[in-house]
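Reading through the structure tokens given below for one structure.
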Amino acid sequence: MAQSSSPISAVAERYAGSLFDLALQENSVAKVEADLNGFEAMLNGSADLGRLINSPVFSSEEQAKAIAAIADKAGITGLVGNFLRVVARNRRLFAVPGMIKAFRQIAAEHRGEASAEVASAHDLTAAQQTELKATLKSIAGKDVTIAITVDPSLLGGLIVKMGSRQIDTSLKTKLNSLKLALKEVG
């Protein structure tokens, strides 16, 4: 695993590495990844859940009870259910998004794939995703798994992060660059 400068990402990487080791032992890496994706979708879709994991106001007991109830209701059991409970008891819920990201990277590396994060102004069709994966494969030299998020503020285009590279073709960035260039001319 790469060394990171941020304490949050270091915590996230340690927890993700431990979860990956357990998933590998149980031969359930794909199920764990699917459960984490499901939890991440719930997290992205609920401001209340976001407040629960980020707010220091809630005690570890309150967070643990809430996460247990959410996991049970969502059908997140096994390793991921237990993992979320442990993370809550240890007051590390704030790092769960980073843990999910780190787990994806570790799993992709294990499969011999590269991983990329893609921010798009709108949902990508299956054909667009396939074309994007093919383009990224030609750049990386190996299969690429992509995690897509929708960010309407981009207006159009994509931002692709793959390893230490970032490719920004968003309309928002192009407009900001044009705005800056016009300020310099005037």
Side-chain angles (χ1 to χ4, degrees), residues 1-17 19-20 23-24 29-47 49-50 53-54 80 83 87 92-184:
M1 252 183 278
Q3 293 293 330
S4 53
S5 57
S6 167
I8 293 175
S9 61
V11 166
E13 288 172 0
R14 280 196 311 273
Y15 274 82
L19 179 60
F20 182 78
L24 201 57
V29 173
K31 179 173 180 358
V32 167
E33 201 164 5
D35 285 347
L36 288 174
N37 289 340
F39 185 77
E40 182 181 47
M42 288 188 318
L43 186 59
N44 290 337
S46 171
L49 183 55
I53 72 163
N54 289 313
V80 175
F83 175 76
V87 169
R92 298 288 186 260
L93 281 177
F94 65 90
V96 165
M99 293 173 193
I100 293 171
K101 179 180 169 185
F103 185 90
R104 273 194 202 113
Q105 289 174 335
I106 294 166
E109 286 174 19
H110 180 74
R111 291 188 298 264
E113 299 173 340
S115 61
E117 295 175 28
V118 178
S120 171
H122 56 80
D123 285 326
L124 298 179
T125 65
Q128 289 170 325
Q129 289 182 29
T130 303
E131 185 177 342
L132 180 60
K133 284 182 181 181
T135 302
L136 293 176
K137 181 178 181 175
S138 69
I139 293 170
K142 51 186 166 182
D143 287 335
V144 178
T145 57
I146 57 175
I148 300 172
T149 56
V150 176
D151 182 0
S153 74
L154 297 178
L155 303 175
L158 302 170
I159 298 176
V160 179
K161 294 177 188 173
M162 190 166 62
S164 61
R165 293 184 193 171
Q166 178 170 312
I167 304 162
D168 188 342
T169 63
S170 69
L171 188 54
K172 180 180 180 180
T173 300
K174 289 179 182 181
L175 288 172
N176 285 338
S177 297
L178 182 60
K179 181 179 173 182
L180 203 62
L182 289 173
K183 281 184 179 179
E184 290 175 5

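All heavy atoms count here, side chains included; hydrogens, waters and symmetry mates do not.
- Under the side chain to side chain contact (heavy atoms under 4.5 Å, CB included) test applied with F83, the options V32, V96, D35, L19 reduce to a single match, L19.
- With hydrogens and angles disregarded, a donor-acceptor distance shorter than 3.5 Å links the side chain of T169 to the backbone of L158.
- Here the closest non-hydrogen pair linking P97 and L43 is CG-CD2, 3.8 Å.
- Between the CG atom of N54 and the CG atom of L49 there is a distance of 9.0 Å, given to the nearest 0.5 Å.
- Here the closest non-hydrogen pair linking M99 and A16 is O-CB, 3.5 Å.
- V144 has its side chain out of reach of K133: every pair of non-hydrogen atoms, C-beta onward, lies at least 4.5 Å apart.
- Summarising the geometry of A119 relative to L154, their closest heavy-atom pair is O-CD1, 3.6 Å, with the distance given to 0.1 Å.
- Counting heavy atoms from C-beta outward, R92 and V11 have side chains that approach closer than 4.5 Å.
- The two residues L136 and A116 have their closest heavy-atom pair at CD1-CB, 4.0 Å.
- The side-chain heavy atoms of E113 and K142, taken from C-beta on, include no pair separated by under 4.5 Å.
- Note: I148 CD1 to H122 NE2 = 11.0 Å, rounded to the nearest 0.5 Å.
- By the 6.0 Å contact criterion, CD on Q128 is enclosed, its count of non-hydrogen atoms from other residues, nucleotides or ligands being greater than 12.
- You'll find the side chain of D151 stays beyond 4.5 Å of the side chain of K172, heavy atoms only.
- Here the closest heavy-atom approach between residue A102 and residue A12 is recorded as CB-O, 4.1 Å.
- When all heavy atoms of A23 and F103 are compared, the closest pair comes out as CB-CZ, 4.4 Å.
- To the nearest 0.5 Å, atom CD of residue E117 and atom CD of residue Q166 are 9.5 Å apart.
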